[in-house]
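Have a look at the structure below before the remarks.
Values in this document were obtained by computation on a predicted structure and should not be read as measured data. The residues of the chain are indexed from 1 along the displayed sequence.
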Amino acid sequence: MEGIEVTEKVLMTLLIEEYSKLQRILKSADRDEELQYQLKIARAKLEALGVVVENLEK
């Protein structure tokens, strides 16, 4: 991604969001359900950016 600069503040925000997601999974009564929910959100975000998700799945 040439020409795109990520500021320190944006990077910090992304990492806080990632940490929060992991905490949600860890604290969830049903970890598998929460993990599937987080994957669904991530998949939607990637597809909105034009990323072919199938290439990333096992």
Practice problem: Measure the shortest side-chain to side-chain distance between Met12 and Thr7 over non-hydrogen atoms and say whether it is less than 4.5 angstrom. | Solution: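 No, too far: nothing below the 4.5 Å cut-off.
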
Practice problem: Of all the heavy-atom pairs spanning Glu47 and Val53, show the shortest one and how long it is. | Solution: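 Nearest pair, atom of Glu47 first, then Val53: CG-CG2, 3.5 Å.
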
Practice problem: Identify the heavy atoms of Leu11 and Val6 that sit nearest to each other, and give their distance. | Solution: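 For Leu11 versus Val6, the nearest heavy atoms are N-CG1, 4.0 Å.
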
Quiz item: Can you hop from Ile25 to Leu39 via hydrophobic side chains spaced under 4.5 Å?
Solution: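 Same cluster: Ile25 reaches Leu39 through Ile, Leu, Val, Met, Phe, Trp or Tyr contacts under 4.5 Å.
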
Exercise. Identify whether Val10 and Leu15 are in the same connected component of the hydrophobic contact network (ILVMFWY, side-chain heavy atoms under 4.5 Å).
Key: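 Val10 and Leu15: one cluster.
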
Atom [atom1] in [X], atom [atom2] in [Y]: separation rounded to 0.5 Å?
X     : Y     : atom1 : atom2 : result
Lys9  : Leu14 : NZ    : CG    : 13.0 Å
Leu35 : Leu22 : CG    : CG    : 9.5 Å
Glu34 : Gln23 : CD    : CD    : 11.5 Å

Practice problem: Would you sort out whether Tyr37 and Glu33 count as a side-chain hydrogen bond (donor to acceptor under 3.5 Å, both in side chains), showing the intermediate values? | Solution: CA-CA 6 Å; Tyr37 175 72; Glu33 183 180 331; over 6 Å; no

Quiz prompt | Over 12 foreign heavy atoms within 6.0 Å of CD, Glu17 | solution =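 Yes, CD of Glu17 has more than 12 neighbouring heavy atoms, counting only those of other groups under 6.0 Å.
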
